[in-house]
Amino acid sequence: MILWTTPGKTGSSSLAAAVAAREVTMITTRVSEIGQYVGEVVRLQGWLFNKRSSKKLQFLQFRDGSGTIQAVVSKADVGNELFAVADALTQESAIRVDGKVVEDPRSPSGYELQATGLELVGPSVDYPISNKAHGDAFLMDHRHLWLRSRRQHTILRVRHTLIKSIRDYFDNAGFVLVDSPLLTPAACEGTTTLFGTEYFGRQAFLSQSGQLYQEAACMAFGKSYCFGPTFRAEKSKTRRHLTEFWMVEPEVAYLDLEGDMDLAEDFLCSIIARALDVHAKEIETVLERDLTALENVRKPFPRISYDNAVEQVKVLHAKAEPELQEQLAIEWGMDFGSPHETELTKQYDRPIMVYNYPSAVKAFYMKKDVLRPEVARCVDILAPEGYGEIIGGGQREDDLDTLEAAIRAHDLPEEAFKWFLDLRRYGSVPHAGFGLGLERTVAWVCGLHHVRETIPFARTMDRLGP
RNA sequence: UCCUCAGUAGCUCAGUUGGCAGAGCGGGUGGCUGUUAACCACUAGGUCGGCGGUUCAAGUCCGUCCUGAGGAGCCA
């Protein structure tokens with residue numbers, strides 16, 4: 001058996017030579033691949049996330065980013081010197097462990113490593129996050145370390161899978177990725193607050209939506225999408241809000257509202273199903289999330305007109321508790337607030353599509369209904385369980401005169417929209433699209449209380465770091 | 001901007017009617033040959049968010065400010 005430890009702490013040059021020889025032949029692998037090496041001695045490289053010990057045994061809880069495994073260091077097997085190395089290890093020490101892979105029914109993963117070698121690669125002193133409970137603010141202050149936890153691992157892997165399945169969905173459906181710019185000269189919608197920045201002596205803004213540029217892109221490629229970060233300077237301090245979040249925005253030429261709803265519905269079913277395929281077990285065990293609500297995400301979603309939704313909310317308002325009743329007051333023409341959306345979605349077991357909102361409460365580029373100009377051909381998809389609006393979209397105004405009038409009515413700078421109006425001058429066609437908020441979707445899939453855990457480094461009204 | 005709640009050890013929290021500042025975890029020391037957020041014993045660790053006030057006496061009551069959390073509005 002070869003023992004090796006931190007350079008300088010080993011005694012003999014013959015041992016160093018043996019170590020060098022061993023390093024050439026040792027198989028280095030990851031925890032996720034460990035099942036292929038039962039009975040063999042392999043090397044793992046990672047970190048110690050916990051340790052339990054007795055006088056003659058050390059149970060090293062090891063993680064390498066691909067999974068976790070327990071390495072057992074027995075004093076009788078490895079000797080005093082190496083055992084002392086194991087004994088001195090602290091939480092989150094970076095280590096290399098060599099050992100024989102064995103199957104063990106006592107192990108949650110079914111495998112265990114019987115250590116034969118151990119090296120301290122990087123020590124860790126006074127690691128701030130213990131294996132006990134912590135508060136949200138403390139954990140967010142240590143986000144750069146919190147990412148190492150099992151829970152954050154699961155959430156960010158779900159995010160990764162959703163991003164990949166979103167891209168796959170559109171790529172497979174003939175869409176072209178056309179990135180929208182993040183630095184823009186003016187507001188897209190004029191309604192929300194933008195982050196401003198200086199741009200070589202001129203005023204510029206961080207984009208709050210890539211949609212207007214996708215309208216140009218879809219006239220070039222037929223079907224296009226963008227997927228990137230987006231910025232909102234709203235002073236919102238709720239668990240549904242981030243100032244920097246990711247949004248995917250597809251746009252399709254020759255598509256009307258009905259086609260847009262078909263697309264959004266099929267898209268959402270597809271990415272949720274994929275997330276469940278890959279992560280159902282983790283979501284259920286690590287995040288303790290009931291999967292029923294996600295398994296219900298199947299076509300068709302209820303399609304509810306705004307008119308009908310208002311009538312439903314009025315009924316809910318009438319029989320609501322006094323406290324809620326005040327918040328549920330509604331008249332035709334008002335936009336829905338969070339309480340309206342939450343109570344409405346509680347009536348259904350899957351996402352719902354609310355369409356044809358009053359044009360007065362929607363953005364200037366929304367297409368007005370030909371027969372009822374007081375409503376816009378738009379749709380919001382509301383997730384169940386109070387997760388709120390995850391998709392907003394609709395058919396765009398394709399008539400030049402109507403759009404010009406809308407820009408003036410919203411008091412927007414006409415010069416900045418000249419290029420946008422060109423799209424209506426040169427071969428305008430009906431077109432539609434939508435935007436999906438990635439973080440709200442991740443929060444919904446993972447059953448999280450707050451969206452801040454769904455992005456690696458959250459930016460909120462009161463937090464610009466780490 | 002408005003409403004509600006919170007701030008006590010490194011972390012999570014308790015602290016009764018205003019009467020000596022506490023526990024668990026984490027750290028340290030010692031013990032334990034199969035632990036599963038291991039366990040057992042001992043130990044160190046405090047500007048009770050800041051300032052001001054009431055009182056013989058304030059973590060506790062009052063005022064004010066700061067910070068954090070949730071919600072409204074707004075939004076994906």
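To find a chain, count down the sequence lines: A is the first, B the second, and so on, and within it residues start at 1.
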**Intra- and interstrand pairs of RNA chain B - dot-bracket, Watson-Crick/G-U under 3.5 Å, | marks other strand** = (((((((..((((.....[..)))).(((((.......))))).....(((((..]....))))))))))))....
**Message:** I want to confirm an ordering. Mapping A:G337 and A:G437 to their closest nucleotides on RNA chain B, which one lands closer to the 5' end?
**Reply:** A:G337
**Item:** Minimum-distance nucleotide to A:D104 side chain [options: B:U12, B:G34, B:C75]
**Value:** B:G34
**Message:** So that I know where these two stand, are A:Y365 and A:F417 an aromatic pair - ring centroids less than 6.0 Å apart?
**Reply:** no
**Item:** Whether A:F138 and A:H134 hold their rings parallel, tilted or perpendicular, with breakpoints at 30° and 60°
**Value:** parallel
**Message:** Under a plain distance cut-off of 3.5 Å, with no hydrogens placed, do A:R30 and A:Q45 share a side-chain donor-acceptor pair?
**Reply:** no
**Prompt:** Using the ring of each side chain (for Trp, its six-membered ring), is A:Y306 parallel, tilted or perpendicular to A:Y357, with breaks at 30° and 60°?
**Reply:** tilted
**Message:** Taking 4.0 Å as the cut-off, does a side-chain nitrogen or oxygen of A:R452 come that near to OP1 or OP2 on B:G70?
**Reply:** yes
**Side-chain-base donor-acceptor pair under 3.5 Å for A:Q91 and B:G27** = no
**Request:** Between B:C75, B:A72, B:G70, spot the one nearest the side chain of A:Q327, thanks.
**Result:** B:A72
**Message:** Looking at the base of B:C11, is there any donor atom on it, or on the side chain of A:H134, that sits under 3.5 Å from an acceptor on the other one?
**Reply:** no
**Item:** Salt-bridge contact A:D141-A:R463 (side-chain N to carboxylate O under 4.0 Å)
**Value:** yes
**Message:** Taking the minimum atom-to-atom distance to the side chain of A:K235, which one of B:G34, B:C75, B:U1 wins?
**Reply:** B:U1
**Request:** Select from A:D462 and A:E112 the residue whose nearest nucleotide in RNA chain B is closer to the 5' end of that strand.
**Result:** A:E112
**A:F267 and A:F434 aromatic ring geometry - parallel, tilted or perpendicular at 30°/60° bounds** = tilted
**Message:** Please report the distance separating the C1' of B:A23 from the corresponding atom of B:G31, rounded so that it comes out in whole Å.
**Reply:** 23 Å
**Fill in**
Whole-Å distance, A:Q58 CD to B:U35 P, equals 15 Å
**Request:** Return the minimal non-hydrogen interatomic distance between A:L82 and A:T116, and the atom names on each side.
**Result:** CD2-O, 3.7 Å
**Request:** Determine the Euclidean distance between corresponding C1' atoms of B:G52 and B:C66; express it in Å to zero decimal places.
**Result:** 15 Å
**Prompt:** With rounding to whole Å, what would you report as the distance between B:U64 and B:A72 at their P atoms?
**Reply:** 27 Å
**Request:** Answer with base, sugar-phosphate or nothing: what part of the nucleic acid does A:E326 contact at a heavy-atom distance below 4.0 Å?
**Result:** nothing
**Message:** Categorize A:F59 for me: base, sugar-phosphate, or nothing, with a 4.0 angstrom heavy-atom threshold over every strand shown.
**Reply:** base
**Request:** Identify which nucleotide among B:A69, B:C75, B:G34 has an atom closest to any side-chain atom of A:K237, counting heavy atoms from C-beta outward.
**Result:** B:A69
**Item:** Stacking check A:F245 vs B:A76 (5.5 Å / 30 deg)
**Value:** yes
**Nucleotide nearest A:S338 when distance is taken to its side chain, options B:C11, B:C74, B:G34** = B:C74
**Asked** If the P atom of B:C75 is compared with that of B:G63, how far apart are they to the nearest Å?
**Response** 37 Å
**Prompt:** Charged N to carboxylate O below 4.0 Å: is that the case for A:E389 and A:R240?
**Reply:** no
**Asked** Going by modelled atom types, is there a donor-acceptor pair between the base of B:U35 and the side chain of A:Q70 at under 3.5 Å?
**Response** yes
**Residues A:K223 and A:E251 bridged, charged N to O under 4.0 Å** = no
**Request:** For A:I455 and B:A76, give me the distance from atom CD1 to atom C1', rounded to whole Å.
**Result:** 12 Å
**Request:** Select base, sugar-phosphate, or nothing to describe what A:D136 touches, counting heavy atoms under 4.0 Å on all strands.
**Result:** nothing
**Asked** On a whole-Å scale, what distance lies between the C1' atoms belonging to B:C25 and B:U43?
**Response** 15 Å
**Prompt:** For A:L60 and B:U33, what is the distance between atoms CG and P respectively, to the nearest whole Å?
**Reply:** 17 Å
**Asked** In whole angstrom, what separates A:D126's CG from B:A9's P?
**Response** 17 Å
**Asked** Hey, does the side chain of A:R240 come within less than 4.0 Å of B:A72's phosphate (OP1/OP2), counting only N and O?
**Response** yes
**Prompt:** In whole Å, what is the span from the CD atom of A:Q208 to the P atom of B:C74?
**Reply:** 15 Å
**Message:** Whole angstroms only, please: what is the NE2-P distance between A:H241 and B:A76?
**Reply:** 8 Å
**Asked** Judged by atom type as modelled, is there a donor-acceptor pair below 3.5 Å linking the side chain of A:H317 to the main-chain atoms of A:V313?
**Response** no
**Asked** Under a 4.0 Å heavy-atom cut-off, which of residues 380-394 of chain A touch RNA chain B?
**Response** A:E389, A:I390, A:I391
**Prompt:** For the pair made of NZ in A:K51 and P in B:G26, what is the distance, rounded to whole Å?
**Reply:** 12 Å
**Asked** Does the A:H450 side chain pair with the main chain of A:R452, one donor and one acceptor, at a distance under 3.5 Å?
**Response** yes
**Prompt:** Donor-acceptor pair, A:T154 side chain versus A:R150 backbone, under 3.5 Å?
**Reply:** yes
**Request:** For nucleotides B:A58 and B:U8, find the distance between their C1' atoms and express it as a whole number of Å.
**Result:** 14 Å
**Request:** Please determine, for the side chain of A:S54, which listed nucleotide (B:G68, B:C32, B:G34) has the closest atom?
**Result:** B:C32
**Request:** Using only side-chain N and O atoms of A:H450, determine if any of them is under 4.0 Å from OP1 or OP2 of B:A69.
**Result:** no
**Prompt:** Counting distance only, does the side-chain N/O of A:E439 pair as donor-acceptor with the main-chain N or O of A:W246 below 3.5 Å?
**Reply:** yes
**Check: A:S130 side chain, B:C25 base, donor-acceptor under 3.5 Å** = no
**Whole-angstrom distance between B:C3 and B:U55, as gauged at atom C1'** = 33 Å
**Request:** Would you classify A:S53 as touching base, sugar-phosphate or nothing, given that sugar-phosphate means primed atoms plus P, OP1 and OP2, and contacts are heavy atoms under 4.0 Å?
**Result:** base
**Request:** With P as the reference atom in both, quote the distance from B:G68 to B:C20 in angstrom, rounded to an integer.
**Result:** 34 Å
**Asked** B:A76 P sits how many Å from A:F434 CZ, rounded?
**Response** 14 Å
**N/O (side chain, A:R239) to phosphate O (OP1/OP2, B:G71) under 4.0 Å** = yes
